Amino acid sequence: MLKDKKIAVAVTGSIAAYRAADICRSLVKGGASVTVLMTRAAQHFIGPTTFAGLTGRQPVTDLFASGFAHLEAVKNADILLIAPATANIIAKLAAGIADDIVTTAVLAADCPVLICPAMNEKMWLAKATRQNLKTITALGYEVIGPTLGDLSCGDVGWGRLEETERIVAVVTNRIQRAGRLKDKKLLVTAGPTREYLDPVRFISNPSSGKMGYAIAEEAARRGGETILISGPTALTPRRDLEFVPIVSAAELNEAVQSYFDRVDAVVMTAAVADHRFAQRSVEKIAKEHFPDEFKLVKNPDILAQLGALKNGRVLVGFAAQTEGLSDHGREKLTAKNLDLLVAVKVGFNEGFDRDEIDAVLIDKNGEEPLGLTGKKELAMIILDRLSLFFTTPPTFANLKDG
Ligand code: CTP
């Protein structure tokens, strides 16, 4: 699986450092050539000789050992894995600090960076760590774990290094997926639109943007040139995305039209308001003048317009439904001339602004109910399927085989 793949494993100063030996052993067993980088603190917990024996290569421990040790360590690497990653290394990465062999190598890495935190639960939950994790995620680093369990300090809680098997599975998966969207341009829309009545009132919906941002980020991770057009959300877009903020459906429509000719695929996760006010007031309407009724006009169905133009592009739509996911989803797949439709279940306490969503994938060959699925995982599943449209149109049968 990992034959001919180059993996850099950075070990930092956590008591879980001993488990990095097992991770390296598994990666080497899978066929990878592994280069280990160690911070000074890591060497208090485990010696370089262990890794030299397991990987057949002397670990890189000193930034000044040779001219460009940090660059050499990650040159042509398929992945850089930091396991275990301490709260300190996470903070340094969030700030862009480069003062040792690991932090300099991360900044020099031209490959996906996976981070496996391990620390005491209080440190994991500390506000500064939470903030730093948000920042490193926005910077495009992927965080795996930690898990809940026995901690080395004797406590039980969150902060245990993810299991070796899962880390190796994620590394293998990311290497296989990396570059699948290289040379492709993707347009992703996300979040709600707002249709203003006056400067203080609008029609909107509870979309958080989480689904669309997860798709855009994963597309960029896979090498796709990705444009993210987003309505107002509380999320920070990754810096390697071309980011286009919009507010109303009309603005979204305009932005989508302006990019459509340049892209190979469009994923419309935006929750577009179907109507806007016939009239918009520039001044705030005082309550004594507030009308009992409003005239609404229809917004254009942006995705249906794209479906009519299509011209070889792959189109993925979403359908937020409270019931009848399959039936309504299939109708929309056909009506909007889509390649793939993701029907998702929404309700008052369901779907919107959650990290998980109940989804059914529908294409012209059939459908696959996924059940409650993490939005990040769903993003991966959608992009796996989307990539196949660039080669042969997928069927549910050949996806299962592959
Ligand atoms: N969509 C769009 N433009 C609109 C409304 C929706 O491009 N004006 C897109 C959404 O981004 C999503 C899909 O169409 O990909 C969702 O359609 P949905 O809102 O479920 O369908 P509607 O056409 O609004 O149908 P209904 O409200 O009747 O369910």
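This is a predicted model, so every value here is computed, not measured. Each ligand, and each atom within it, is numbered from 1 in the order the structure gives.
Within the structure, salt bridge (charged side-chain N to carboxylate O under 4.0 Å, His left out) contacts touching residues 176-201 (residues at least two apart or in different chains) are Arg177-Asp384, Arg180-Asp384, Asp198-Arg201.
Gln58 is linked by a side-chain contact (heavy atoms from CB on, under 4.5 Å) to Pro48, Ala52, counting only residues two or more places apart in sequence or in another chain. Listed by chain and number, the residues in a side-chain hydrogen bond (donor to acceptor under 3.5 Å, both in side chains) with Glu142 are Arg174 (sequence neighbours excluded).
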### Task
Apply side chain to side chain donor-acceptor pair (under 3.5 Å) to the pair Asn253 and Gln257, showing each step before the final yes or no.
CA-CA 6 Å; Asn253 191 20; Gln257 302 296 341; 3.0 Å; yes
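Using modelled atom types, no side-chain atom of Lys284 and backbone atom of Pro199 make a donor-acceptor pair closer than 3.5 Å. At least one donor-acceptor pair closer than 3.5 Å links the side chain of Thr189 to the backbone N or O of Ala270.
Within 4.0 Å of ligand 1, protein heavy atoms belong to Met268, Ala270, Val272, Asp274, Pro300, Asp301, Ile302, Leu303, Gly317, Phe318, Ala319, Ala320, Lys332, Lys336, listed by chain and number.
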